[in-house]
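Since the structure comes first, as structure tokens, the remarks are kept for the end.
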Amino acid sequence: MNGAQDMGGVHGFGPVEPEPNEPVFHAGWEKRAFALTLAMAMPGQWNIDMSRFARENRDPGEYLSMSYYQIWFAALETMLKERDLVSDDETVAGHALREPKPVARILSPGAVAQVLYRGGPTERETNTTPAFKPGDHVRAKNINPRTHTRLPRYVRGHAGTIERVIGFHVFPDSNAQGAGENPQWLYTVCFDGRELWGADGDPTLTVSVDAWEPYLVPA
Amino acid sequence: MTGHDHHHDHSELTETQLRVRALETVLTEKGYVDPAALDLLIETYEKKVGPRNGARVVAKAWADPAYRARLVKDATSAIAELGYAGRQGEHIVALENTPNRHNMVVCTLCSCYPWPVLGLPPVWYKSAPYRSRAVSDPRGVLKDFGITLPAGTEIRVWDSTSENRYLVIPMRPAGTEGWIEERLAELVTRDSMIGTGLPKQP
Amino acid sequence: MTHDHDHHHDHGSELSEMQLRTRALETILLEKGYIEPAAIDVLIETYEKKIGPRNGAQVVAKAWVDPQFRQWLFEDGTAAIGSLGFGGRSGNHLVALENTPSVHNMVVCTLCSCYPWAVLGLPPLWYKSAPYRSRTVADPRSVLADFGVSLPKDTEIRVWDSTAELRYLVVPLRPAGAEGWSEEKLAELVTRDSMIGTGLPKNPEDLA
């Protein structure tokens with residue numbers, strides 16, 4: 001979606017401000033919000049693409065004014081509510097008010113290390129061949145879906161070069177909508193800085209994105 | 001419109017704390033989460049998984065040319081050789097810095113970051129200033145980090161838009177000949193593996 | 001997690017803060033002699049009471065009854081509208097847009113709030129809002145739906161983004177059943193929204 005999360009090239013945000021000796025978590029609630037989010041992925045009620053969309057799918061003013069884990073937490077509440085796992089009156093009450101919906105599995109302490117170690121690889125098998133090879137000239141399509149996409153606005157319509165064929169990977173644009181994994185060939189595409197930012201752009205700059213085949217046409 | 005007064009901010013945090021606590025209670029009561037698992041998740045990323053992992057990868061690449069070759073060819077496997085793998089690092093690509101090319105990694109759309117080798121990302125990496133400027137003004141961003149590169153250095157910025165994760169392999173500092181890997185690893189800063197910093201000098 | 005404040009925080013201290021700040025700045029500017037209080041009052045009165053959509057309605061009504069004026073209006077909006085005594089600030093370069101049975105015009109300023117003050121007065125809040133500015137250029141029919149307006153599927157929608165000093169005035173279609181009406185009476189059918197493109201003129205039967 002063309003939301004506030006699509007920030008590449010936006011002006012006005014000011015300097016980057018690293019915090020010296022920054023702690024991993026800035027508050028106790030952040031730790032819990034983090035852990036709840038990871039643990040609630042285990043029942044398999046949503047996938048990572050759905051959770052990314054749930055985070056970005058809000059009023060831009062809200063997105064920009066919320067902290068990182070506030071966004072994570074709000075998205076978690078939304079996804080739980082959408083799937084009838086937890087309802088509004090329960091979050092207000094702070095207690096379960098009705099029986100849980102049955103779920104396939106939950107994360108046990110003994111499984112944590114293994115689950116983290118296994119992660120969620122997105123590469124899939126295929127007999128198809130990639131449409132593009134390294135060195136090919138491509139153009140990023142001008143798509144503007146209201147739903148989840150990973151093609152940032154700053155590259156849409158611009159010409160670039162295939163740097164690398166990454167592999168055949170789950171396609172977030174489908175997966176986030178519950179339309180299936182629909183894996184596609186995934187490429188690293190490089191764009192010249194001046195192609196993206198105009199004649200006054202940094203001549204030493206090259207920017208790449210990882211783009212799935214449906215985002216690209218031959219240039 | 002200036003900011004809110006100080007204790008209004010505190011009451012917002014308290015509201016968030018209450019909501020998080022409330023949700024954890026509900027989820028626990030429903031049997032969807034096990035509190036011991038939650039504690040383990042927190043401990044893993046607060047204490048166990050962090051940039052020291054990536055520093056070992058880089059140090060090994062500096063000390064061992066055969067490892068560097070494996071890392072460049074298939075970073076996921078080479079990194080897994082050291083025991084680092086899994087969530088948000090299932091597909092890793094190593095980016096070599098050279099005298100002519102400096103690499104920087106960003107996720108403009110959210111905060112994608114190679115957890116198994118660097119741990120959780122710092123706030124600045126996830127912030128609007130970094131996400132907006134890294135792709136359009138990386139030299140300006142490097143200045144915010146106190147770094148100026150030669151005018152002719154090529155800057156390659158990698159926007160992590162897929163599950164592919166990037167680890168920058170900074171250049172080995174001079175004056176470290178013959179150093180063992182453990183000692184080399186101490187020079188490798190987290191920021192040098194993102195591309196917003198350079199390794200320490202001996 | 002919304003950025004909600006509790007109710008009296010919003011109405012209490014935030015509005016008061018703006019009141020205090022504007023009062024403070026006005027005092028300073030006056031004390032420094034940069035502004036004259038009477039001039040401030042005239043500015044406010046002008047745009048609160050004197051200049052408004054009734055001006056544009058007059059222009060539209062004349063275009064409905066007077067074919068020569070209509071032609072002049074579309075050829076040189078600034079001059080034609082100027083002949084009625086309207087012009088000046090945010091009305092120096094006016095372009096009239098003709099609605100037809102097959103083309104519907106809508107005006108927006110995605111970048112800020114540019115609006116033909118001289119004929120419509122100051123813009124309403126919704127015109128300056130993020131929802132209008134963001135959606136009109138991408139999905140005008142959904143914006144029209146928000147206004148309760150539904151156009152035939154094959155009507156062409158022309159959206160004009162006011163990115164320069166040109167200001168646009170939509171001339172809506174004359175409603176049926178108002179034949180022979182005087183300009184004054186016709187002007188009563190012309191709504192502000194119909195001159196922006198988010199509304200249609202009233203029908204004769206809507207006038208009491």
Side-chain angles (χ1 to χ4, degrees), chain A residues 5-10 13-19 22 24-25 27 29 31-33 35-36 38-40 43 52 64 68 70 73 77 85-86 90-91 94-96 100 103 106-109 112 116-123 150 152 154 166 169 186 197 202 204-210, chain B residues 13 16-17 19-20 22-27 29-34 36-38 40-42 44-46 85-91 108-111 119-120 122-124 126-133 135-136 138-139 141 144-145 152-164:
Chain A
Q5 86 291 351
D6 194 349
M7 292 184 169
V10 175
F13 284 125
V16 181
E17 295 178 323
E19 181 189 339
E22 183 187 327
V24 176
F25 298 107
W29 70 262
K31 302 182 194 187
R32 309 313 295 182
L36 288 172
L38 266 63
M40 282 311 298
R52 289 203 182 102
L64 293 172
Y68 184 75
Q70 279 182 325
F73 188 71
E77 284 183 325
L85 291 164
V86 174
E90 290 177 316
T91 50
H95 285 285
V103 296
I106 76 157
L107 182 64
S108 67
V112 168
L116 293 179
Y117 191 77
R118 195 175 57 227
T122 51
E123 195 158 13
R150 296 293 289 188
Y154 72 88
I166 298 172
H169 285 257
L186 177 64
W197 310 115
D202 184 341
T204 65
L205 174 61
T206 303
V207 181
S208 72
V209 300
D210 296 335
Chain B
L13 281 178
T16 306
Q17 281 173 316
R19 287 184 78 125
V20 173
L23 188 63
E24 183 171 343
T25 304
V26 173
L27 292 173
E29 286 177 1
K30 294 203 180 225
Y32 295 147
V33 302
D34 180 331
L38 298 178
L40 267 178
L41 284 166
I42 293 164
T44 302
Y45 288 101
E46 206 172 13
R87 193 190 173 93
Q88 289 301 296
E90 300 91 344
H91 312 282
T108 60
L109 298 176
C110 50
S111 59
L120 297 181
V123 167
W124 63 258
K126 306 178 279 190
S127 74
Y130 189 69
R131 287 164 57 186
S132 59
R133 274 171 58 229
V135 291
S136 59
R139 286 181 187 271
V141 169
D144 289 344
F145 283 87
T153 305
E154 187 200 341
I155 300 193
R156 288 290 321 266
V157 179
W158 306 72
D159 193 352
S160 313
T161 53
S162 71
E163 293 302 333
N164 212 30

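This is a predicted model, so every value here is computed, not measured. Side-chain atoms are counted along with the backbone in the values below, which use heavy atoms only and exclude waters and symmetry mates. So you know, we letter chains A, B, ... as the sequences are listed, proteins then strands, and number each from 1.
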### Task
Find the one option among B/Glu163, B/Arg156, B/Arg139, B/Arg133 whose heavy-atom pairs under 4.5 Å with chain A are most numerous.
B/Arg156
### Summary
Of all heavy-atom pairs linking A/Ala33 and A/Phe73, the shortest is CB-CD1, 4.1 Å
### Query
Side chain, backbone, both or neither: which part of A/Tyr68 has a heavy atom under 4.5 Å from chain B?
side chain
#### Entry: Shortest non-hydrogen contact between B/Asp34 and A/Pro109, atoms and distance
OD2-CD, 3.1 Å
## Note on the structure
By side-chain contact (heavy atoms from CB on, under 4.5 Å), A/Asp6 pairs with (sequence neighbours left out) A/Pro152, A/Arg153, A/Arg156, B/Leu109
### Query
A/Arg32 versus chain B, heavy atoms under 4.5 Å apart: side chain, backbone, both or neither?
both
### Task
For chain B, find which of A/Ile166, A/Leu64, A/Thr91 contributes the most heavy-atom pairs closer than 4.5 angstrom.
A/Ile166
### Message
Looking at chain A, which one of B/Ala85, B/Pro122, B/Cys110 has the largest number of heavy-atom pairs inside 4.5 Å, strictly under?
### Response
B/Ala85
### Query
B/Leu38 and A/Ala39: which non-hydrogen atoms are nearest, and at how many Å?
CD2-CB, 3.6 Å
### Query
Which one, B/Thr44, B/Thr153, B/Leu23, B/Val141, leads in non-hydrogen pairs under 4.5 Å with chain A?
B/Leu23
### Options B/Gly89, B/Ala37, B/Gly119, ranked by heavy-atom pairs under 4.5 Å with chain A, top entry
B/Ala37
### Query
Which of the residues B/Pro138, B/Ala22, B/Pro129 is involved in the greatest number of heavy-atom pairs with chain A at under 4.5 angstrom?
B/Pro129
### Message
Counting heavy-atom pairs closer than 4.5 Å to chain B, which one of A/Val103, A/Asp202, A/Leu85 comes out on top?
### Response
A/Leu85
### Task
Go through B/Glu46, B/Glu154, B/Gln88 and name the one with the most non-hydrogen pairs under 4.5 angstrom from chain A.
B/Glu46
### Query
How are the rings of A/Trp197 and A/Tyr154 set to each other: parallel, tilted or perpendicular (split at 30° and 60°)?
parallel
### Query
Heavy-atom distance under 4.5 Å to chain B: side chain of A/Val207, backbone, both or neither?
both
### Query
Is it the side chain or the backbone of A/Leu205 that comes within 4.5 Å of chain B heavy atoms, both, or neither?
both
### Query
Of the listed residues (A/Glu22, A/Glu17, A/Glu19, A/Arg118), which shares the most heavy-atom pairs with chain B below a 4.5 Å separation?
A/Glu22
## Note on the structure
Highest number of heavy-atom pairs under 4.5 Å with chain B among A/Val24, A/Val10, A/Leu116 belongs to A/Leu116
### Message
Please determine whether side chain to side chain contact (heavy atoms under 4.5 Å, CB included) holds for the pair A/Glu77 and A/Val86, giving the CA-CA distance in whole Å, both sets of side-chain angles, and the decisive distance to 0.1 Å.
### Response
CA-CA 8 Å; A/Glu77 284 183 325; A/Val86 174; over 6 Å; no
### Task
Check the pair A/Arg52 / A/Gln5 against side chain to side chain contact (heavy atoms under 4.5 Å, CB included), numbers first and verdict last.
CA-CA 10 Å; A/Arg52 289 203 182 102; A/Gln5 86 291 351; over 6 Å; no
#### Entry: Contacts of type side-chain hydrogen bond (donor to acceptor under 3.5 Å, both in side chains), residue B/Ser160, not counting sequence neighbours
none
### Query
In terms of heavy-atom proximity below 4.5 Å to chain B, should A/Glu90 be classed as side chain, backbone, both, or neither?
both
#### Entry: Region of B/Tyr45 in contact with chain A, defined by heavy-atom distances below 4.5 Å
both
### Task
Any chance you could measure A/Ile106, atom CD1, to B/Lys30, atom NZ, to the nearest 0.5 Å?
14.0 Å
### Task
With a 4.5 angstrom heavy-atom cut-off, could you sort out which part of A/Leu107 is near chain B: side chain, backbone, both or neither?
both
### Message
One thing to verify: whether B/Glu24 and A/Lys31 come together as a salt bridge, which I'm taking to mean a side-chain N less than 4.0 angstrom from a carboxylate O.
### Response
no
## Note on the structure
Exactly one candidate in A/Arg150, A/His169, A/Glu123 meets side-chain contact (heavy atoms from CB on, under 4.5 Å) with A/Leu186; the answer is A/His169
